[in-house]
Amino acid sequence: MANNSQNDLPLDITPHIEGSPDVDVADFYPAAHEGLFLDGEVYGLSYGIAPYVFYIKHKVFEAQGVDVPDPTLTFDEFQSLVRELNDPEIGNYGFTSSPEIMLIFPLMLSNGGRYVSEDES
C-alpha cells in the first residue's frame, strides 16, 4: 500500500500492537477487521459491529399481488423481487436506502463489490 508522502498515511500499526498486553487481534471478530489488514500489516482495528436489517412494507406486496418472501431468500431472489415490486408510476419502489455509504456497504460487499479498485485506487 502506497504511503502519502506528506504525512506517511496510511500507517502500518502492526509494530504498535505486536506484543501489546492490551491488544490481541485474535479477540476481534474476523469479518469486522479483515478489510483493515493488507499484506500481513494492520492499518486499523475495528471498534464494533452492528447488524443491518431490512424492513418489509407488507402493504406494498399486497397492493401488487406479490407474496411476502421467505426471510432466507437469496440475493438473486431479492433482486428479482425488487424488480417485480418496482412501479414508480404508483409510488412503489422495490428497494430504497439512505444514500449513506455505510448502509450500502453490506449489500455491496456481500455480493462481491469492492470499496476500491483492484489496483487499490
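Following chains of ILVMFWY side-chain contacts shorter than 4.5 Å, one cannot reach V68 starting from Y93, and the two form parts of different hydrophobic clusters. Residues I90 and L85 are members of separate hydrophobic clusters, defined by side-chain heavy-atom contacts under 4.5 angstrom among Ile, Leu, Val, Met, Phe, Trp and Tyr.
Within the structure, salt bridge (Lys or Arg N to Asp or Glu O under 4.0 Å) pairs that include any residue of residues 48-59 do not occur (at least two apart or interchain).
The minimum heavy-atom distance between P10 and Y43, with the atom names listed, is CB-CD2, 3.7 Å.
For the atom pair CD of E62 and CG of D67, the computed distance is 10.5 Å after rounding to the nearest 0.5 Å. Atoms CD and CG, on E41 and L36 in that order, are 13.5 Å from each other to the nearest 0.5 Å. One distance of note links NE2 of H16 with CG of L11; it measures 5.0 Å at 0.5 Å rounding. To the nearest 0.5 Å, atom CG of residue L45 and atom CD1 of residue I17 are 5.0 Å apart.
For the residue pair D76 / T74, no side-chain donor-acceptor distance below 3.5 Å is found, with atom types taken as modelled.
Side chains of P69 and F61 form a contact here, defined as non-hydrogen atoms less than 4.5 Å apart.
For Q64, the side-chain hydrogen bond (donor to acceptor under 3.5 Å, both in side chains) test picks out N92, with sequence neighbours left out. For T14, the side-chain hydrogen bond (donor to acceptor under 3.5 Å, both in side chains) test picks out D12, with sequence neighbours left out.
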